[in-house]
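No hydrogens, no waters, no symmetry mates; every other heavy atom, side chains included, goes into these values. Numbers restart at 1 for each chain; the letters A, B, ... are given by sequence-line order, proteins then strands. As the structure is a prediction and not an experimental result, all values here were calculated from the model.
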Amino acid sequence: MILWTTPGKTGSSSLAAAVAAREVTMITTRVSEIGQYVGEVVRLQGWLFNKRSSKKLQFLQFRDGSGTIQAVVSKADVGNELFAVADALTQESAIRVDGKVVEDPRSPSGYELQATGLELVGPSVDYPISNKAHGDAFLMDHRHLWLRSRRQHTILRVRHTLIKSIRDYFDNAGFVLVDSPLLTPAACEGTTTLFGTEYFGRQAFLSQSGQLYQEAACMAFGKSYCFGPTFRAEKSKTRRHLTEFWMVEPEVAYLDLEGDMDLAEDFLCSIIARALDVHAKEIETVLERDLTALENVRKPFPRISYDNAVEQVKVLHAKAEPELQEQLAIEWGMDFGSPHETELTKQYDRPIMVYNYPSAVKAFYMKKDVLRPEVARCVDILAPEGYGEIIGGGQREDDLDTLEAAIRAHDLPEEAFKWFLDLRRYGSVPHAGFGLGLERTVAWVCGLHHVRETIPFARTMDRLGP
RNA sequence: UCCUCAGUAGCUCAGUUGGCAGAGCGGGUGGCUGUUAACCACUAGGUCGGCGGUUCAAGUCCGUCCUGAGGAGCCA
């Protein structure tokens with residue numbers, strides 16, 4: 001058996017030579033691949049996330065980013081010197097462990113490593129996050145370390161899978177990725193607050209939506225999408241809000257509202273199903289999330305007109321508790337607030353599509369209904385369980401005169417929209433699209449209380465770091 | 001901007017009617033040959049968010065400010 005430890009702490013040059021020889025032949029692998037090496041001695045490289053010990057045994061809880069495994073260091077097997085190395089290890093020490101892979105029914109993963117070698121690669125002193133409970137603010141202050149936890153691992157892997165399945169969905173459906181710019185000269189919608197920045201002596205803004213540029217892109221490629229970060233300077237301090245979040249925005253030429261709803265519905269079913277395929281077990285065990293609500297995400301979603309939704313909310317308002325009743329007051333023409341959306345979605349077991357909102361409460365580029373100009377051909381998809389609006393979209397105004405009038409009515413700078421109006425001058429066609437908020441979707445899939453855990457480094461009204 | 005709640009050890013929290021500042025975890029020391037957020041014993045660790053006030057006496061009551069959390073509005 002070869003023992004090796006931190007350079008300088010080993011005694012003999014013959015041992016160093018043996019170590020060098022061993023390093024050439026040792027198989028280095030990851031925890032996720034460990035099942036292929038039962039009975040063999042392999043090397044793992046990672047970190048110690050916990051340790052339990054007795055006088056003659058050390059149970060090293062090891063993680064390498066691909067999974068976790070327990071390495072057992074027995075004093076009788078490895079000797080005093082190496083055992084002392086194991087004994088001195090602290091939480092989150094970076095280590096290399098060599099050992100024989102064995103199957104063990106006592107192990108949650110079914111495998112265990114019987115250590116034969118151990119090296120301290122990087123020590124860790126006074127690691128701030130213990131294996132006990134912590135508060136949200138403390139954990140967010142240590143986000144750069146919190147990412148190492150099992151829970152954050154699961155959430156960010158779900159995010160990764162959703163991003164990949166979103167891209168796959170559109171790529172497979174003939175869409176072209178056309179990135180929208182993040183630095184823009186003016187507001188897209190004029191309604192929300194933008195982050196401003198200086199741009200070589202001129203005023204510029206961080207984009208709050210890539211949609212207007214996708215309208216140009218879809219006239220070039222037929223079907224296009226963008227997927228990137230987006231910025232909102234709203235002073236919102238709720239668990240549904242981030243100032244920097246990711247949004248995917250597809251746009252399709254020759255598509256009307258009905259086609260847009262078909263697309264959004266099929267898209268959402270597809271990415272949720274994929275997330276469940278890959279992560280159902282983790283979501284259920286690590287995040288303790290009931291999967292029923294996600295398994296219900298199947299076509300068709302209820303399609304509810306705004307008119308009908310208002311009538312439903314009025315009924316809910318009438319029989320609501322006094323406290324809620326005040327918040328549920330509604331008249332035709334008002335936009336829905338969070339309480340309206342939450343109570344409405346509680347009536348259904350899957351996402352719902354609310355369409356044809358009053359044009360007065362929607363953005364200037366929304367297409368007005370030909371027969372009822374007081375409503376816009378738009379749709380919001382509301383997730384169940386109070387997760388709120390995850391998709392907003394609709395058919396765009398394709399008539400030049402109507403759009404010009406809308407820009408003036410919203411008091412927007414006409415010069416900045418000249419290029420946008422060109423799209424209506426040169427071969428305008430009906431077109432539609434939508435935007436999906438990635439973080440709200442991740443929060444919904446993972447059953448999280450707050451969206452801040454769904455992005456690696458959250459930016460909120462009161463937090464610009466780490 | 002408005003409403004509600006919170007701030008006590010490194011972390012999570014308790015602290016009764018205003019009467020000596022506490023526990024668990026984490027750290028340290030010692031013990032334990034199969035632990036599963038291991039366990040057992042001992043130990044160190046405090047500007048009770050800041051300032052001001054009431055009182056013989058304030059973590060506790062009052063005022064004010066700061067910070068954090070949730071919600072409204074707004075939004076994906």
Side-chain angles (χ1 to χ4, degrees), chain A residues 49-61 68-77 83 87 90-92 102 104-109 112 114 125-142 146 149-151 188-194 208-211 229-249 323-324 326-327 334-342 361-363 380-383 386-393 434-444 449-452 454-455 460-463:
Chain A
F49 70 88
N50 201 3
K51 183 181 73 175
R52 287 180 281 274
S53 63
S54 63
K55 193 174 185 179
K56 296 176 180 173
L57 281 177
Q58 302 272 346
F59 301 99
L60 307 182
Q61 309 303 314
T68 62
I69 194 169
Q70 172 167 276
V72 183
V73 184
S74 165
K75 197 174 197 170
D77 292 345
F83 192 82
D87 192 44
T90 54
Q91 190 186 4
E92 288 303 320
V102 296
D104 192 313
R106 288 168 298 194
S107 162
S109 69
E112 193 171 83
Q114 293 175 342
V125 181
D126 295 335
Y127 187 71
I129 301 178
S130 73
N131 286 319
K132 295 285 181 176
H134 294 282
D136 294 336
F138 176 84
L139 290 169
M140 286 305 288
D141 284 342
H142 297 83
W146 191 23
S149 80
R150 184 172 160 79
R151 174 184 167 84
C188 285
E189 312 191 9
T191 54
T192 43
T193 319
L194 296 166
Q208 62 181 343
S209 166
Q211 183 212 311
T230 232
F231 306 90
R232 303 273 168 97
E234 294 148 3
K235 294 192 173 179
S236 293
K237 282 179 57 173
T238 82
R239 57 189 165 177
R240 296 183 307 279
H241 284 88
L242 297 168
T243 51
E244 176 182 310
F245 66 98
W246 282 60
M247 189 155 66
V248 60
E249 296 176 282
E323 259 180 54
L324 188 59
E326 196 180 336
Q327 297 183 308
M334 291 166 55
D335 201 359
F336 288 144
S338 296
H340 301 119
E341 291 180 353
T342 302
V361 300
K362 287 295 176 180
D380 284 353
I381 299 187
L382 308 177
Y387 284 96
E389 184 184 345
I390 53 171
I391 283 181
F434 61 84
L436 170 119
L438 178 65
E439 286 76 15
R440 283 189 186 174
T441 307
V442 176
W444 171 44
H449 180 67
H450 202 299
V451 290
R452 70 186 150 209
T454 66
I455 188 165
T460 58
M461 197 179 143
D462 297 312
R463 181 175 294 281

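Residue A:Glu249 is classed as having no contact, given no heavy-atom separation below 4.0 Å to the nucleic acid. Residue contacts shown for A:Phe59 include a base, since a base heavy atom lies under 4.0 Å away. Across all strands shown, A:Gly135 has heavy atoms under 4.0 Å from sugar-phosphate atoms exclusively, and none from any base. A:His241 comes within 4.0 angstrom of a base, heavy atoms only. Within 4.0 Å of A:Asp380, counting heavy atoms only, lies no atom of the nucleic acid at all.
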Measure all distances between protein nitrogen or oxygen atoms and nitrogen or oxygen atoms of nucleotides 42-44 of chain B, and list the pairs falling under 3.5 Å.
none

Check the interface with nucleotides 29-33 of chain B: list each N/O to N/O pair with the protein under 3.5 Å, or write none.
| from | atom 1 | to | atom 2 | distance (Å) |
| --- | --- | --- | --- | --- |
| B:rC32 | OP1 | A:Lys55 | NZ | 3.1 |
| B:rC32 | OP2 | A:Lys55 | NZ | 3.4 |
| B:rC32 | N3 | A:Ser53 | O | 3.4 |

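For A:His450, there are no ring-ring contact (aromatic ring centres under 6.0 Å, His included) partners two or more places apart in sequence or in a different chain. Applying the side-chain hydrogen bond (donor to acceptor under 3.5 Å, both in side chains) rule to A:Glu92 yields the partners A:Arg63, A:Arg148; only residues at least two apart in sequence or on another chain are considered. Under the salt bridge (Lys or Arg N to Asp or Glu O under 4.0 Å) criterion, A:Asp104 pairs with A:Arg106, not counting sequence neighbours. For A:Arg452, the salt bridge (Lys or Arg N to Asp or Glu O under 4.0 Å) partners are A:Asp136, not counting sequence neighbours. Contacts of A:Phe434 classified as ring-ring contact (aromatic ring centres under 6.0 Å, His included), with partners at least two apart in sequence or in another chain: A:Phe267. When the side-chain hydrogen bond (donor to acceptor under 3.5 Å, both in side chains) test is applied to A:Ser74, no partner is found at least two apart in sequence or on another chain. For the salt bridge (Lys or Arg N to Asp or Glu O under 4.0 Å) test, no residue two or more places apart in sequence or in another chain qualifies with A:Glu244. Applying the salt bridge (Lys or Arg N to Asp or Glu O under 4.0 Å) test to A:Arg463 and every residue at least two apart in sequence or in another chain returns A:Asp141.
The nearest whole Å value for the distance from the NE2 atom in A:His142 to the C1' atom in B:rG26 is 13 Å. The interatomic distance linking A:Asp126 (CG) with B:rG27 (P) rounds to 9 Å, in whole Å.
Between A:Gly435 and A:His340, the residue whose closest nucleotide on RNA chain B is further toward the 5' end is A:His340. Residue A:Thr90 is the one, among A:Thr90 and A:Ile391, whose nearest nucleotide of RNA chain B lies closer to the 5' end (criterion: closest heavy atom).
As rounded to the nearest Å, B:rU67 and B:rU8 have C1' atoms that lie 15 Å from one another. Of the C1' atoms belonging to B:rA9 and B:rA21, the separation is 10 Å, rounded to the nearest Å. Rounded to whole Å, the C1' atom of B:rC48 lies 5 Å from the corresponding atom of B:rG59.
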Nucleotides 65-72 of chain B: protein proximity per nucleotide (B base, S sugar-phosphate only, - neither; heavy atom, under 4.0 Å): ---SBSBB
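A:Lys51 is not listed as a side-chain neighbour of A:Gln61, based on a closest heavy-atom distance of 4.5 Å or more.
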5'-to-3' dot-bracket of RNA chain B (Watson-Crick, G-U; under 3.5 angstrom; crossing pairs as [ ]; | other strand): (((((((..((((.....[..)))).(((((.......))))).....(((((..]....))))))))))))....
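A donor atom on one side chain and an acceptor atom on the other are found under 3.5 Å apart for A:Asp87 and A:Gln58.
For A:Gln70 against B:rU35, a side-chain N or O and a base N or O form a donor-acceptor pair under 3.5 Å.
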